[in-house]
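Any value given below was found using the heavy atoms of this structure, including those in side chains, with hydrogens, waters and symmetry copies removed.
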Amino acid sequence: MLDMKIIRENPEAVRRGIRLKGEEDNLSALLEIDQHRRAAIEEGDALKSRRNVLSKDIAQKVKAGGDIEPLKEESRTIGERIAALDEERRTIEERLRKLSLTIPNLPHSSVPEGKGSEDNQLVRTSGTKPEFDFKPKNHIELGESLGILDFPRASKIAGSGFPLYLGAGATLERALINFMLDEHLAGGQFREVMTPFVATSEAMTGTAQLPKLADDMYYCSRDDLYLIPTAEVPITNIHRGEILSEASLPIYYCGYSPCFRREAGSYGKETRGFLRVHQFNKVEMVKFVLPETSYDELESLLIAATGILDKLGIAYRVMELCTRDLSFAAAKCYDIETWSPGEEKWLEASSCSNFVDFQARRSAIRFRREGTGKLEFVHTLNGSGLATSRLMVSLLEAYQTDEGTIRVPDVLKRYTGFGHITAKGGQ
RNA sequence: GGAGAGGUGGCAGAGUGGUCGAAUGCGGCGGCCUCGAAAGCCGUUGUACGACUUGUUCGUACCGGGGGUUCGAAUCCCUCCCUCUCCGCCA
């Protein structure tokens, strides 16, 4: 959500941002409704003021004695008009609220302009792509031949697009999650959280999954709850509606969660195996920070995420998203893509975004500035650190041997308890 | 799921129809005292929206959310949500 005052005073700048992101431009309608709203408020407030005066007069005359009927009559008449105006105002504000939720965050000035993912800019590439003296298998061939991934049986349980890890595969997945959490917690800055994996529509609106992504989420109508598509939602909502002290900032959280995505409309080859699934595991980092620090915080968030890949020895590249590829709520975003030898493609395994005050406005997360004592919105950021499904693809494929087995990266051995995955299991 | 008790300012906690944005205490802020601090004393202390004469300004709203009764609601009624206690069920 943007500041209505800024939209009013600077509609052209806002309109340009909307266009750069390729979002629907509802600005004219928004401004018009805003105008109506203020007119209704002005008239209503004046009448309420009069009614309050009348009520006080009545109270006095009740004590002192006197004819209160004329006063009551005027108040009644005003009351009817007030009720009508209040009703009008409610309707207007509901429309205004709905409309304002469709206005995206504006891209930061440093974000490259572009028309799509082809205009994203390479920031850096790190690690070396593994070389094989045999034809590398993809993760599906590896996983199924080793008996550690079973997509056919998974679909028996939940339909297509859900993961079933078995034996050493399940252990490896768990090892990866624990390794990532421990790495992030090691610096002592992040606080680990374990949140609900479902969230209300208020929470979803606060982080801006709603209204835009409603069709991409699983929804439990009976209880009016959504399955979380990312831990960003519950973690950011921890402080919804709160006023934080400046001294408490920055606040860093990190936590594991499964993520559920309907991925409506995606079918075909790019959905094979783990490339696009309805459920995956992720370790998420969320930051609440002072506004003036948020772009520095974005850089350090990126370092925290890529540090995992450095230790795992997986080749990756960092892309800065262009304006058109930015998500609805983001002002700036880096994607981290890991190399898949089997697909011979880069796979998006993490996004690190600065939302500036956009989510904080929707969620009413503020802090009191020392010195001035004024309330300001915090800036929020989040980054995957990282999502395991695509990471698992890169890991299995990069660490395969010519015998079709998997070597476990050194840093994970103390988590798995084995160093090699063969058809007989972990050894 | 059933029964009961609650939800008031940053926190605790009064307030059962009118002058209540709300006593009191704690906390916070400022001052006095002090070499300094503590204690003590004095003062002060919310948010949102709207207006313009942009002000230590004016108006409106806010006592869990929504609705109702009334000239007037923190206070009465309805409803929803949440918390607590007991019972039931249960990993």
NA contact type, A/Lys48, heavy-atom cut-off 4.0 Å: base, sugar-phosphate, or nothing?
-> sugar-phosphate
When we call it a touch if two heavy atoms are under 4.0 Å apart, what does A/Arg368 touch: a base, just sugar-phosphate, or nothing?
-> sugar-phosphate
Out of B/rG72, B/rG50, B/rU60, minimum distance to the side chain of A/Arg51 belongs to B/rG72
Residue mapping more 5' on RNA chain B - nearest nucleotide basis, A/Ala59 or A/Arg366 | A/Ala59
Have a look at A/Leu375 and say if it touches a base, only the backbone sugar-phosphate, or nothing, with a 4.0 Å heavy-atom cut-off.
-> sugar-phosphate
Give a yes or no on whether a salt bridge exists between A/Asp86 and A/Lys48, defined as a side-chain N under 4.0 angstrom from a carboxylate O.
-> yes
If the C1' atom of B/rG59 is compared with that of B/rU53, how far apart are they to the nearest Å?
-> 15 Å
Any strand is fair game: report the nucleotide pairing with B/rA39 by Watson-Crick or G-U wobble, both distances under 3.5 Å, or none.
-> none
Nearest-angstrom distance, P atom, B/rC82 to B/rG43 | 44 Å
For A/Arg38 and B/rG50, is the shortest distance between a side-chain N/O and OP1 or OP2 below 4.0 Å?
-> no
Where A/Leu31 and A/Pro11 come nearest, the two heavy atoms and their spacing = CD1-CB, 3.9 Å
State whether A/Arg97 places a side-chain N or O below 4.0 Å from either non-bridging phosphate oxygen (OP1 or OP2) of B/rC49.
-> no
Considering all heavy atoms of both residues, which atom of A/Arg366 and which atom of A/Leu375 are nearest to each other, and what is their separation?
-> NH1-CD1, 3.7 Å
Are OP1 or OP2 of B/rG72 and a side-chain N or O of A/Ser75 less than 4.0 angstrom apart?
-> no
Aromatic centroids of A/Phe288 and A/Phe377 separated by under 6.0 Å | no
Listed nucleotide nearest any side-chain atom of A/Lys72, set B/rC71, B/rC49, B/rA48 = B/rC71
For the rings on A/His379 and A/Phe355, is their centre-to-centre separation under 6.0 Å?
-> no
Separation of the P atoms in B/rG65 and B/rU75, to the nearest angstrom = 11 Å
What does A/Arg361 touch in the nucleic acid at a heavy-atom separation under 4.0 angstrom: a base, only the sugar-phosphate, or nothing?
-> nothing
From the list B/rC71, B/rG46, B/rU60, which nucleotide is the closest neighbour of the side chain of A/Asn52?
-> B/rU60
Base, sugar-phosphate, or nothing for A/Leu71, non-hydrogen atoms under 4.0 angstrom?
-> nothing
Report yes if a side-chain nitrogen or oxygen of A/Arg90 is closer than 4.0 Å to either non-bridging phosphate oxygen (OP1 or OP2) of B/rG67; otherwise report no.
-> yes
A/Glu376 has an atom CD; how far is it from atom C1' of B/rU47, in whole Å?
-> 16 Å
When you match A/Ile41 and A/Gly79 each to their closest nucleotide on RNA chain B, which lands nearer the 5' end?
-> A/Ile41
